[in-house]
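Computed from a prediction, not measured in an experiment: that's the story for all the values here. Only heavy atoms go into these numbers, but all of them, side chains included; no hydrogens, no water, no symmetry mates.
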Amino acid sequence: GLGDVYKRQVFNDGALNTFTVSAWFKSSITSQSQVILSTQPASSNTGFSIFLGNSTGYLRAQFSAATGSGAPIMEHQVNMADGNWHNVILAYNDTGGTNNASSFMYVDGVDVTSSVTDVNGWSQGSVPTWSSFTTNRVTIGMYFDGSNYIDSMTGFIDQVRIFNTTLTDAQAEDCYT
């Protein structure tokens, strides 16, 4: 229902190095950041999150081991807060080094990774590795900062899926159709 949040321990393997998350969402609000799915405690910015940006409705994905503000973000510069249903898929592949993982973003069945905009230094092949993240709790619909839920989704989220592999282009397209 409206204002509900779901949190669950799902990433229990400290050696996790590949996964994909998928969700359908719908919103028409651009006056605030809106979290779709996150493992990041907002106070430390460690983990990953998918959210709509404040004032733009741009779809943003962030993988970060940083503390404080300024963590790297990949941004799909299309207003996704348009009142329509959209599917987002975020795939992650950690090759085992330090800060050399890759992330891929699909929107409505299309790989948009090559057209995303770098915010705060995001670049393919330099995404923080999973071992540097500090939480494995997933929250849907809000950030959890350790004591409060913030940046709530004002809209709808449906069919959240978490895969223990990086989906192929064809598999990502199948999630959309």
Under 3.5 Å: donor-acceptor pair, side chain of S103, backbone of Y92
no
Check whether I162 and I157 end up in the same hydrophobic cluster, where Ile, Leu, Val, Met, Phe, Trp and Tyr are linked by side-chain heavy atoms less than 4.5 Å apart.
yes
Drop me the distance from R161's CZ to N87's CG, to the nearest 0.5 angstrom.
8.0 Å
Ignoring hydrogens, what is the shortest heavy-atom contact between D82 and H86? Give both atom names and the distance.
OD1-NE2, 2.9 Å
Polar side-chain atom of T113 near backbone of M105 as donor-acceptor pair, under 3.5 Å
yes
Given side chains that start at C-beta, do those of L90 and M74 come closer than 4.5 Å, heavy atoms only?
yes
Distance from W122 atom CH2 to R60 atom CZ, nearest 0.5 Å?
13.5 Å
Spacing of D108 atom CG and C175 atom SG [to the nearest 0.5 Å]
12.5 Å
Hey, quick one: are F156 and W24 part of the same hydrophobic cluster, counting side-chain heavy atoms closer than 4.5 Å, chains of contacts allowed?
yes
Taking the side chain as every heavy atom from C-beta outward, state whether S152 and Q32 have any pair of such atoms under 4.5 Å apart.
yes
Is the W85 to Y176 ring centre distance short of 6.0 Å?
no
Quiz question: by atom type and distance under 3.5 Å, do the side chains of Q34 and S27 form a donor-acceptor pair?
yes
Would you tell me whether T18 and T165 have side-chain atoms, one donor and one acceptor, within less than 3.5 Å of each other?
no
For the CD atom of Q62 and the CD1 atom of I73, what is their distance to the nearest 0.5 Å?
4.5 Å
How far apart are the C-alpha atoms of F25 and L52, what are their side-chain angles, what is the distance that settles it, and do they pass the side chain to side chain contact (heavy atoms under 4.5 Å, CB included) test?
CA-CA 10 Å; F25 67 93; L52 297 177; 3.9 Å; yes
Specify the closest pair of heavy atoms between A81 and N79, including all atoms of both residues, with the distance to one decimal.
N-OD1, 2.8 Å
Please lay out, stage by stage, how V160 and V21 fare under the test side chain to side chain contact (heavy atoms under 4.5 Å, CB included).
CA-CA 7 Å; V160 174; V21 293; over 6 Å; no
Go through the steps to decide whether V78 and L59 satisfy the test side chain to side chain contact (heavy atoms under 4.5 Å, CB included), and finish with yes or no.
CA-CA 7 Å; V78 173; L59 189 60; over 6 Å; no
Is it the case that the side chain of E75 and the backbone of D118 share a donor-acceptor pair, with hydrogens and angles ignored and the cut-off at 3.5 Å?
no
To the nearest 0.5 Å, how far apart are OG1 in T30 and CE in M80?
14.0 Å
From I36 CD1 over to I50 CD1, what is the distance, rounded to the nearest 0.5 angstrom?
6.5 Å
Closer than 3.5 angstrom, by distance alone: can the side chain of Q159 be matched with the main-chain N or O of S22 as a donor-acceptor pair?
no
Do F19 and F48 have their ring centres less than 6.0 Å from each other?
yes
Scan side-chain atoms only and decide if D169 and Y106 contain a donor-acceptor pair under the 3.5 Å cut-off.
yes
Linking I/L/V/M/F/W/Y whenever any side-chain heavy atoms sit under 4.5 Å apart, do V116 and Y58 land together?
no
Are the side chain of D151 and the backbone of M142 linked by a donor-acceptor contact shorter than 3.5 Å?
no
Determine whether a donor-acceptor pair (N or O, by modelled atom type, separation under 3.5 Å) exists between the side chain of T20 and the backbone of L167.
yes
